[in-house]
Amino acid sequence: QVQLVESGGGSVQAGGSLRLSCAASGVRSYCMAWFRQAPGKEREWVARIYPSSGRSYYADSVKGRFTISQDNAKNTLYLQMNSLKPEDTAMYYCAADKRSYPSGGSWTLPRAFSYWGQGTQVTVSS
């Protein structure tokens, strides 16, 4: 049984930092990612990493502020978020998939991922 369990969300003032964690079990992932969804908006891709190589990619909106990383020994995914802005406020989701090619043709699409966590809320106040 696959489980992804996020933690680390909370409320912070603009300019602050948070680190999200995602504990994964039951899956050997080809790609893992963080998505976020603000109220009334579509779920958007934030960052992804390929566990076997460590290569990572970021959405332009978070590049230079967020860092995705992994601890393979603990099968845990992280998202270090610095210089947070009010527009970063959203529910953040961890996602994983074991296929080598994304459904829909892009790892930036939610449909590419088969497994999802329950989400952790991040609120940034100005």
Side-chain angles (χ1 to χ4, degrees):
Q1 183 180 356
V2 177
Q3 275 194 318
L4 302 177
V5 181
E6 300 101 332
S7 60
S11 296
V12 65
Q13 288 192 327
S17 298
L18 284 172
R19 189 175 83 153
L20 307 183
S21 299
C22 172
S25 61
V27 60
R28 186 178 179 89
S29 301
Y30 177 82
C31 184
M32 297 190 75
W34 290 97
F35 284 76
R36 66 186 181 186
Q37 189 167 18
K41 294 189 176 182
E42 292 188 351
R43 192 167 295 191
E44 67 169 345
W45 169 70
V46 174
R48 71 180 184 274
I49 191 167
Y50 299 92
S52 62
S53 67
R55 288 178 300 156
S56 59
Y57 300 87
Y58 299 90
D60 287 343
S61 59
V62 306
K63 201 173 293 183
R65 299 189 298 122
F66 291 11
T67 303
I68 190 171
S69 63
Q70 60 189 14
D71 183 331
N72 287 337
K74 296 181 180 179
N75 210 12
T76 300
L77 182 71
Y78 301 100
L79 186 69
Q80 177 67 44
M81 304 185 295
N82 298 330
S83 302
L84 282 161
K85 304 175 181 180
E87 51 263 44
D88 294 318
T89 295
M91 185 73 78
Y92 283 71
Y93 297 91
C94 170
D97 204 274
K98 58 184 179 181
R99 295 169 293 186
S100 60
Y101 188 80
S103 176
S106 172
W107 290 114
T108 65
L109 299 174
R111 64 177 290 187
F113 293 88
S114 300
Y115 308 109
W116 292 86
Q118 82 288 351
T120 186
Q121 178 67 38
V122 171
T123 302
V124 184
S125 58
S126 57

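This is a predicted model, so every value here is computed, not measured.
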Next item on the list: Could you list the residues that satisfy side chain to side chain donor-acceptor pair (under 3.5 Å) with Glu44, not counting sequence neighbours?
Entry: Arg36
Note to self: Is the ring pair Tyr92/Phe66 parallel, tilted or perpendicular, if the boundaries are 30 and 60 degrees?
What the structure shows: tilted
Tell me every residue that passes side chain to side chain contact (heavy atoms under 4.5 Å, CB included) with [X], counting only those two or more places apart in sequence or in another chain.
{"X": "Ala33", "result": "Phe35, Trp45, Arg48, Phe113"}
{"X": "Gln121", "result": "Thr89, Met91, Thr123"}
{"X": "Ser106", "result": "Thr108, Leu109"}
{"X": "Lys63", "result": "Tyr58, Asp60"}

Any donor-acceptor pair under 3.5 Å linking the side chain of [X] with the backbone of [Y]?
{"X": "Asn75", "Y": "Asn72", "answer": "no"}
{"X": "Trp34", "Y": "Tyr78", "answer": "yes"}
{"X": "Glu6", "Y": "Gly119", "answer": "yes"}
{"X": "Arg65", "Y": "Ser61", "answer": "yes"}
{"X": "Asp97", "Y": "Ser114", "answer": "yes"}

Checklist line | Cluster check Leu20, Tyr57: I/L/V/M/F/W/Y, side chain < 4.5 angstrom | finding: no
Notebook entry, point to check: Does any non-hydrogen side-chain atom of Tyr50 lie less than 4.5 Å from one of Ser29?
Noted result: no
Notebook entry, point to check: Considering only heavy atoms from C-beta outward, does the side chain of Lys85 approach that of Ser126 to under 4.5 Å?
Noted result: no
Next item on the list: Given side chain to side chain donor-acceptor pair (under 3.5 Å), test Asp71 with Thr76 step by step and report yes or no.
Entry: CA-CA 5 Å; Asp71 183 331; Thr76 300; over 6 Å; no
Note to self: Does anything in residues 47-126 form a disulfide (SG to SG under 2.5 Å)? List the pairs, not counting sequence neighbours.
What the structure shows: Cys22-Cys94
